[in-house]
2 protein chains.
Amino acid sequence: MATIKDVAQLAGVSFATVSYVLNDSMPVSEATRNKVLAAVTKLGYQPHRQGRNLQRQRTLTIGVLLPQANLLCEVDLATWLLEATNAATSAGYSLLLQPADSQARGDLADGWISFGTPLDPQLPQVWALAPPCDQPAVLCDAAFAAQRAVETLTHSGMRRIGLITLPRSIPGSARWYLGYRRALRRAGLGFDPGLVVEPAANRFHDGVAAYETLAASENDYDGLIVCGHQLATGVVMVDHAKVPVIVSHSSSQRGISGFRWPTELWAHTLVRKLLQQLDGAAIAHRTWLNPSLVIGSLGFKEDLDGFNYV
Amino acid sequence: MATIKDVAQLAGVSFATVSYVLNDSMPVSEATRNKVLAAVTKLGYQPHRQGRNLQRQRTLTIGVLLPQANLLCEVDLATWLLEATNAATSAGYSLLLQPADSQARGDLADGWISFGTPLDPQLPQVWALAPPCDQPAVLCDAAFAAQRAVETLTHSGMRRIGLITLPRSIPGSARWYLGYRRALRRAGLGFDPGLVVEPAANRFHDGVAAYETLAASENDYDGLIVCGHQLATGVVMVDHAKVPVIVSHSSSQRGISGFRWPTELWAHTLVRKLLQQLDGAAIAHRTWLNPSLVIGSLGFKEDLDGFNYV
DNA sequence: ATACTTTATTTAAACGTTTAAATAGATGAG
DNA sequence: CTCATCTATTTAAACGTTTAAATAAAGTAT
């Protein structure tokens with residue numbers, strides 16, 4: 001592995017000059033610059049991260065605090081990580097994984113991000129140590145989705161909207177409920193507890209069970225919202241498409257309406273914001289990213305005329 | 001952030017002595033050792049990773065090459081990463097994420113691992129640069145699962161076993177097919193192409209379609225194997241439980257038999273092996289981890305007496 | 001007591017880089 | 001021709017650690 005000294009020797013200059021060329025931190029004559037660059041390419045020289053960091057007091061690394069369990073069932077952690085990695089890499093940084101409950105964060109990274117939204121009151125307790133409070137707040141809110149779903153249905157004339165929530169043990173579940181209630185209030189509709197079913201767990205057949213509970217009850221509903229990928233799969237399986245259904249995750253599986261979560265954009269934005277913050281820029285206090293509703297082809301669009309959401 | 005010099009000063013010794021105490025690399029008298037340790041705890045000193053690495057030529061970091069798409073549909077990348085992180089952290093290492101197609105790997109990490117199995121011939125082409133060929137081979141093979149599934153069914157007297165494979169576009173799909181054919185051969189059963197259906201894609205309703213194709217064909221089958229989580233969900237949804245079914249992923253959703261993939265153990269073992277390799281130990285050429293078959297309660301166990309797999 | 005060994009500690013060099021300060025070389029003004 | 005000014009380059013210190021080599025202090029054999 002070639003060092004800066006090898007480059008300097010080959011180019012016949014001092015290694016400080018090489019550094020100046022590479023960092024543009026001092027004026028260098030055209031002639032020497034060319035000599036240096038030639039030597040760099042010839043040797044395939046790449047600056048040594050550790051050595052550079054030692055001086056600059058920068059690690060060129062972004063830490064990711066990884067919770068022991070996937071906190072956010074709206075978004076796929078793998079996709080999120082991949083996109084965060086891409087964003088970091090293209091800025092010359094790399095991503096360092098650290099368990100959220102581990103001790104030493106210290107000087108391993110210049111800044112820390114975490115996978116999760118600070119909105120849910122349940123979330124903080126998952127972090128053993130203090131949460132990364134200086135993380136730029138990029139928010140992607142399930143309450144928005146719930147609200148949007150309700151609005152979509154009420155704009156189309158529905159008045160009694162059923163909700164199959166996530167079990168309350170799941171972080172983030174409260175946001176769905178919150179958005180649902182808020183939207184009902186704003187639409188001037190009353191809240192009927194009989195229209196809300198909370199499944200026992202977040203699995204396929206819990207969705208089926210919840211759906212059957214709702215259907216068997218005397219509560220009539222003319223629209224339905226289902227949270228959670230697994231639950232929704234179960235519901236869609238047994239649903240008779242009598243009323244419009246909106247699920248938490250758009251899926252190509254069937255023509256059901258659902259949300260597309262901006263996972264990639266979210267990760268990307270979070271990393272970019274952090275980098276800006278590290279550069280000393282004052283960043284926006286909060287950035288909101290909204291899931292978008294994808295209208296399906298099945299049992300909904302056909303029933304509703306004048307429907308203009310995309 | 002306290003440095004080793006601060007500790008040395010407080011303890012009234014040279015900073016080399018501090019280093020010796022902390023690394024046990026030279027004999028130190030009991031008295032000074034105590035003085036040093038007291039100073040360390042008092043200042044909350046933690047050795048600076050970068051500085052240490054510079055000298056040791058070790059980064060104390062393991063790189064993970066992250067493919068742009070999840071290669072292995074048997075295993076959840078998030079779980080894998082989390083466990084790998086835990087394993088690395090407990091050994092004092094951290095995990096660094098790098099896109100598989102990025103250029104500079106160089107000196108960012110002491111060793112590299114990747115998510116994927118080197119068994120499938122399709123896999124290498126996903127890596128833009130050379131695959132991390134010195135990665136310890138910890139293998140978790142879908143062919144084994146397929147084979148085991150066939151054996152389980154044939155041991156119970158089934159003779160005509162249907163297979164809903166993964167689409168061949170998906171890396172790893174070939175392993176299922178391979179194991180299936182191998183097991184048939186070993187069981188002395190002929191191969192009937194009519195019993196194998198390859199869905200168009202790896203989605204819920206492709207599973208449904210594949211199942212219906214198989215059911216509608218004139219080919220009778222007395223057992224069924226379904227690969228892929230999504231496909232299996234679809235199949236299970238429409239299956240009438242007439243014949244025993246084994247799916248690729250055990251799931252608590254319903255009492256269907258399926259495999260549990262040792263994701264955590266896999267990640268853990270891979271990291272441990274790499275660390276041993278870095279320490280200069282000669283490690284086993286290949287380590288095999290096998291998925292275990294979880295027998296479900298539905299439509300299978302009841303039909304088969306004398307069933308002793310767990 | 002002197003020389004030799006052993007043990008505990010310190011000094012100093014090294015790792016690969018950046019960067020402040022020093023120096024050399026050229027240019028221009030007096 | 002000398003001095004000051006500017007520019008291009010080099011020297012050397014620094015970052016936080018490890019570790020080989022040097023030193024000091026003590027113990028043991030002669």
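Bear in mind that the values here come from a model prediction, so they are computed numbers and not experimental data. In what follows, chains carry the letters A, B, and so on, assigned in the order in which the sequence lines appear, proteins first and then strands, with residues in each chain numbered from 1.
Classification of the A/Trp261-A/His249 ring pair by plane angle, with boundaries at 30° and 60°, yields tilted.
Here B/Arg52 reaches the OP1 or OP2 of D/dT18: one of its side-chain N or O atoms lies under 4.0 Å away. Between A/Thr17 and D/dT10 there is a side-chain N or O to OP1 or OP2 distance below 4.0 Å. For C/dT9, one of the phosphate oxygens OP1 or OP2 lies less than 4.0 angstrom from a side-chain nitrogen or oxygen of B/Thr32.
Taking atom CG of residue B/Asp24 and atom C1' of nucleotide D/dT18, one finds them 14 Å apart after rounding to whole Å. When the P atom of D/dA8 is taken as reference, atom NZ of A/Lys35 falls 14 Å away, rounded to whole Å. Rounded to an integer number of Å, the gap from CZ of B/Arg58 to P of D/dT18 is 14 Å. As rounded to whole Å, 10 Å separates atom P of D/dT17 from atom CZ of B/Phe15. As a whole-Å value, the separation of A/Glu30 CD from D/dT9 C1' is 16 Å. Whole-Å rounding puts the B/His48 NE2 to D/dT17 C1' distance at 10 Å. Following rounding to the nearest Å, B/Asn53 (CG) and D/dC15 (P) show an atom-to-atom distance of 18 Å. Separating the CZ atom of B/Arg56 from the P atom of C/dA13 is a distance of 22 Å, rounded to the nearest angstrom.
Taking only distance into account, the side chain of B/Gln55 meets the base of D/dT18 through a donor-acceptor pair shorter than 3.5 Å.
Distance from the side chain of B/Gln57 is smallest to C/dG16 among C/dG16, C/dT9, D/dT9. Checked against C/dT17, C/dT10, C/dT9, the side chain of A/Thr3 finds its nearest nucleotide in C/dT17. In the set C/dT11, D/dC15, C/dC15, C/dC15 carries the atom at the smallest distance from any side-chain atom of B/Leu54. Comparing atom distances between the B/Ser14 side chain and each of C/dT10, D/dA12, C/dA8 picks out C/dT10 as nearest.
Using a 4.0 Å heavy-atom distance criterion, A/Gln50 is classed as making no nucleic acid contact. Looking at heavy-atom distances under 4.0 Å, A/Ser19 makes contact with a base. Nucleic acid contact class of A/Ser25 (heavy atoms, under 4.0 Å, all strands): none.
For the pairing with A/Gln50, the side chain to side chain contact (heavy atoms under 4.5 Å, CB included) check across B/Arg52, B/Gln50, B/Arg49 returns one residue only, B/Gln50.
Mapping A/Tyr20 and A/Gly51 onto DNA chain D via the closest heavy atom, the residue that lands nearer the 5' end is A/Tyr20.
At a threshold of 4.0 Å, the pair B/Asp6-B/Lys42 does not count as salt-bridged, since none of the basic side-chain nitrogens sits closer than that to a carboxylate oxygen.
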Could you give the side-chain donor-acceptor pairs of residues 268-276 of chain A under 3.5 Å, partners two or more places apart or in another chain?
residue, atom, partner, partner atom, Å
A/His268, ND1, A/Glu83, OE2, 3.3
A/Thr269, OG1, A/Leu265, O, 2.6

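Across all non-hydrogen atoms, the minimal contact from A/Trp80 to A/Ala267 is O-CB, 3.3 Å.
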